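Accompanying notes for the structure given below.
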There are 2 protein chains.
Amino acid sequence: MSSPSPKLALFEQFALVAKTLGHPQRLELIEQLGQGPRSVDLLAEKLGSPIANVSQHLQSMRRAGLVAAERQGKYVVYRLADASVLAAMQAIQRVAENNLAEVDKIVRGYFDQRDSLEPITRAELSDRLRDDMVTVLDVRPADEFALGHVPGALNVPLAELDARLATLDPEKDIVAYCRGAYCVMSFEAVSRLRVQGFRARRLEDGMPEWAAAGNAVAS
Amino acid sequence: MSSPSPKLALFEQFALVAKTLGHPQRLELIEQLGQGPRSVDLLAEKLGSPIANVSQHLQSMRRAGLVAAERQGKYVVYRLADASVLAAMQAIQRVAENNLAEVDKIVRGYFDQRDSLEPITRAELSDRLRDDMVTVLDVRPADEFALGHVPGALNVPLAELDARLATLDPEKDIVAYCRGAYCVMSFEAVSRLRVQGFRARRLEDGMPEWAAAGNAVAS
DNA sequence: CAATAACTCAATAGAATTATTGAATATAAC
DNA sequence: GTTATATTCAATAATTCTATTGAGTTATTG
């Protein structure tokens, strides 16, 4: 805690933020919180981790200015501190995407269809939405959909995709979105839809970005 | 290295990037490399750290995709992997700036004049440069200036500021820039210039950002 | 006012990170 | 070739981080 120069003191604060972002589980928490405020309980369930563990991660994230907490009855509800947190996570993803061969390998290695990787931009989707030419698929689990989603989106959780193929209009293009840019469920959904002959693409990023871009979140 | 789900594998890669950003010394290295490629030797001298230590940090940064290295004669020259690295560092600074009271405290606590904190934007500076109404001061040490700077800037290292006050035109506004947005030398310079009656402000960010915005770097 | 649920706290052991030291390697200069 | 310089490597000890466990708090429910 003893920092002689203000420069070092500042860099220590910046490092605290970055270091706190540097843990997979905490990134997952940010991904979840990007969709809206959540209780410790629910987050722990989503991550499949012990509550005490998640609680500690959340507290270190609060100390680093990444999240804020508020008690609501018997729950403590955490939310992202502000939009800059998602921006920082995206900036980090961008670095990894550009410069780590491993990232490319993981994405390409897991999904066989190359074209399933080509995303559609938000602007493009907005255009085509006006003409009603496209079905927007929210492939997150039903409980996450229920807690907030983009208006007009159809909730088809990945687990139910096969069962609900018949209800999808094969004449329309399909755009699938998920939690965030690297939520793999949208990759998987598009891959499987294409095998079935649908014209499907995934949105370049997920719920929080699209909601932030002016599409109100329906609860 | 055993990652069952591709999702976790991806998040581990992202975490690697963030974790590697999470150390003050490595952030300082990025600040230095933001100004241009540098040898291990020079970086170690700038940071005042043992060469072996800096070398190890640089190597971990290379593994995380933050920097690239190239041997040039007996030197090994490191550079930032790409522009996304600086963007990520800025995004992290933004989070700290918005959400950590400590950052505000450090900046405001160290410099007494509040108005010295109000930065001028790049766009504003560009406008006023056309009318030749402003002196642009590069307050970095002479060796860093020599390795690359913004054309038209006057190099007045902080250490020589007092001695060179007489050579500055008191009729013109002064804009001071430094290494990056949080390089404290520009704060200090503006503060001291104001005490002497100059109309001085600092640029909202530093060398790399301004150079990236289309102002070629002169060597 | 118990009983329960949600969360935090404290303590601990294991793992990872860091700085330091001195040896090893690669290149250039002589 | 020998020497000097720049960098990396390897080994170590000190520190920090992480997950786990169980106990302690706060708030709701009956």
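What you see is a predicted model, and the numbers here were worked out from it, not measured in a lab. Every chain is numbered from 1 and lettered A, B, ... according to where its sequence line falls, protein lines coming before strand lines.
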Apply salt bridge (Lys or Arg N to Asp or Glu O under 4.0 Å) to A:Glu144 and A:Lys46, showing your working.
CA-CA 10 Å; A:Glu144 295 183 27; A:Lys46 280 289 167 191; 2.9 Å; yes
Interatomic distance, A:Leu147 atom CG to A:His149 atom NE2 [nearest 0.5 angstrom]
11.0 Å
Is the phosphate of C:dC7 approached by A:Ser55 (side-chain N or O, under 4.0 Å from OP1 or OP2)?
no
Atom-to-atom span, CD of A:Glu12 to P of D:dT15 - whole angstrom
16 Å
B:Leu47 CG to D:dT7 C1', in whole Å, measures 16 Å
Would you kindly give the CD-to-P distance between A:Gln59 and C:dA6, to the nearest whole Å?
17 Å
Of the residues in residues 19-27 of chain A, which ones touch DNA chain D at a heavy-atom distance under 4.0 Å?
A:Lys19, A:His23, A:Gln25, A:Arg26
Quick one: the dot-bracket string of DNA chain D, using Watson-Crick and G-U wobble pairs with both distances under 3.5 Å, [ ] for crossing pairs and | for bases paired to another strand.
||||||||||||||||||||||||||||||
A:Glu45 CD to C:dA6 P, in whole Å, measures 10 Å
Could you state the CG-C1' distance from A:Leu42 to C:dA5, rounded to the nearest angstrom?
15 Å
Mind calculating the distance between CZ (A:Arg62) and P (C:dC7) to the nearest angstrom?
13 Å
cation_pi(B:Arg202, B:Phe187) dist<6.0 Å, angle<=45:
yes
Only pairs at least two apart or in different chains count here, so list each ring pair (Phe, Tyr, Trp, His ring centres under 6.0 Å) that has a residue in residues 85-106 of chain B.
none
Nearest 0.5 angstrom please: B:Leu21 CG to B:Leu27 CG, how far?
6.0 Å
Spacing of A:Met61 atom CE relative to C:dC7 atom C1', expressed in whole Å:
17 Å
Out of curiosity, A:Ile92 CD1 to B:Leu16 CG, how far, rounded to the nearest 0.5 Å?
11.0 Å
Contact nearer the 5' end of DNA chain D, comparing A:Ser60 with B:Tyr78
B:Tyr78
Mind calculating the distance between CG (A:Leu58) and P (C:dC9) to the nearest angstrom?
12 Å
Does atom CZ of A:Arg94 have more than 12 heavy-atom neighbours from other groups under 6.0 Å away?
no
Would you find more than 12 non-hydrogen atoms of other residues, nucleotides or ligands less than 6.0 Å from A:Glu45 atom CD?
no
Ring pair (Phe, Tyr, Trp, His ring centres under 6.0 Å): pairs with one or both residues in residues 17-70 of chain B, sequence neighbours excluded
B:His23-B:His57
Which residues share a salt bridge (charged side-chain N to carboxylate O under 4.0 Å, His left out) with A:Lys19, sequence neighbours left out:
none
Inspect the surroundings of CD in A:Glu160 and state if more than 12 heavy atoms from other residues, nucleotides or ligands are less than 6.0 Å away.
yes
Each nucleotide in nucleotides 20-30 of chain C should get exactly one letter: B, S or -. Can you fill that in based on protein heavy atoms under 4.0 Å?
BB-----SS--
Quick check on C:dT17: is either OP1 or OP2 less than 4.0 Å from any side-chain nitrogen or oxygen of B:His57?
no
